[in-house]
Amino acid sequence: MILKIGILASGNGTNLQAIIDKSRNGQIPVRVAVVISDRNAFALRRARAHNIPAYIVKPGEYDSQREYEQQMVDILKKHESELVVLSGFMKILSPHFIDSFKGRIINIHPSLIPAFCGKGFYGMKVHEAVIDYGVKITGATVHFVDENVDSGPIIIQKAVAVEDSDTPETIAQKVHEIEHEILPEALKLFAQGKLKVIGRRVFIER
């Protein structure tokens, strides 16, 4: 059975591309049903290149965050999205949106949560903080989304070494590479019904 997913993205869409590629070659049992962005992001061009419906929903065009989020909810439901994937999506979602897909939203974050996460930690800011703090490892985390920022139960994490010669840019490249591995893997596990959440822990059926 193929899982229909809706993707929210604000940037280049490299994780989206990894998902599209792996879904179309049969590596993961999912289909990208729709892509939504809050801006004219390159991710939308990637979607359209594969005949995937793509929408721009700009928060500034709505009277309230609830109306803005409801428009996204309506689009996702119109395309029968069974799981929502936040892939470099730069807007913090309210409980209204989260409740609309309770337990069916996952996010990819470019650090090993709970390090370098929460409000203010996004994009290159994460990798700059990694270098400034002097940690020896960093990585990426796929987690379920709850009402707080980057605080939901963790599904998969993978680490990369921080070398003395690294810069925020080289760390970003390393982390992107592992994101392209663990996000599709998390989608595969969800689609196969192999994830069980108990409290803060996610157990994976092997």
Side-chain angles (χ1 to χ4, degrees), residues 1-36 43 46-47 50 52 76 79-90 92-93 97-98 100-118 121-123 126 137-160 172-206:
M1 188 171 179
I2 303 298
L3 181 78
K4 295 179 183 177
I5 64 172
I7 295 183
L8 274 55
S10 297
N12 192 37
T14 59
N15 275 308
L16 167 64
Q17 190 66 56
I19 293 167
I20 292 171
D21 292 344
K22 291 186 178 185
S23 65
R24 298 209 166 186
N25 67 20
Q27 288 182 266
I28 56 175
V30 306
R31 178 171 69 82
V32 180
V34 62
V35 176
I36 302 173
R46 292 182 187 272
H50 292 277
I52 297 168
L76 290 163
H79 291 279
E80 302 178 333
S81 303
E82 300 168 275
L83 178 71
V84 179
V85 181
L86 310 183
S87 177
F89 189 62
M90 295 301 179
I92 296 174
L93 299 169
F97 184 96
I98 293 165
S100 299
F101 295 95
K102 195 75 172 179
R104 296 184 292 126
I105 309 173
I106 67 172
N107 180 52
I108 180 85
H109 183 75
S111 77
L112 295 174
I113 292 174
F116 309 111
C117 68
F121 284 105
Y122 59 89
V126 174
I137 60 170
T138 186
T141 302
V142 182
H143 65 94
F144 284 107
V145 174
D146 62 13
E147 290 77 11
N148 298 305
V149 181
D150 298 332
S151 67
I154 292 168
I155 302 170
I156 303 178
Q157 292 182 298
K158 189 168 184 179
V160 296
Q173 181 59 40
K174 289 182 183 181
V175 171
H176 269 136
E177 289 176 6
I178 61 172
E179 285 179 355
H180 300 163
E181 298 173 21
I182 67 173
L183 182 54
E185 178 63 18
L187 296 179
K188 179 180 179 180
L189 292 168
F190 187 96
Q192 294 174 335
K194 292 186 176 181
L195 301 178
K196 183 177 182 180
V197 183
I198 301 177
R200 283 209 49 79
R201 300 182 69 187
V202 178
F203 295 85
I204 299 174
E205 178 188 322
R206 298 299 185 184

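Applying the salt bridge (Lys or Arg N to Asp or Glu O under 4.0 Å) test to K174 and every residue at least two apart in sequence or in another chain returns D166. N12 is linked by a side-chain hydrogen bond (donor to acceptor under 3.5 Å, both in side chains) to nothing, counting only residues two or more places apart in sequence or in another chain.
The minimum heavy-atom distance linking V126 with F121 is given by the pair CG2-C, 3.5 Å. Considering all non-hydrogen atoms of both residues, D150 and G118 come closest at OD2-N, 2.9 Å. Among all heavy-atom pairs drawn from S81 and V34, the shortest one is OG-CG1, 3.6 Å.
Residue pairs that meet the side-chain hydrogen bond (donor to acceptor under 3.5 Å, both in side chains) test with at least one member in residues 197-206, sequence neighbours left out, do not exist here.
For T141 (side chain) and S111 (main-chain N/O), a donor-acceptor pair under 3.5 Å exists by modelled atom type. Judged by distance alone, with hydrogens and angles left aside, the side-chain atoms of S10 form a donor-acceptor pair with the main-chain N or O of M90 at under 3.5 Å. Listed for the R24 side chain is a donor-acceptor partner under 3.5 Å among the backbone atoms of H50.
Among L183, L189, V202, N107, the single residue meeting the side-chain contact (heavy atoms from CB on, under 4.5 Å) criterion with V142 is L183. Residue I20 is tested with N25, I52, V35, I7 for a side-chain contact (heavy atoms from CB on, under 4.5 Å); the sole match is I52.
By the 30° and 60° cut-offs, the orientation of the rings of H176 relative to H180 is parallel.
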### Message
Applying side-chain contact (heavy atoms from CB on, under 4.5 Å) to I182 and Q157, what does each step give before you reach the verdict?
### Response
CA-CA 7 Å; I182 67 173; Q157 292 182 298; 5.9 Å; no
#### Entry: Full working for side-chain contact (heavy atoms from CB on, under 4.5 Å) between I106 and L187
CA-CA 9 Å; I106 67 172; L187 296 179; 3.5 Å; yes
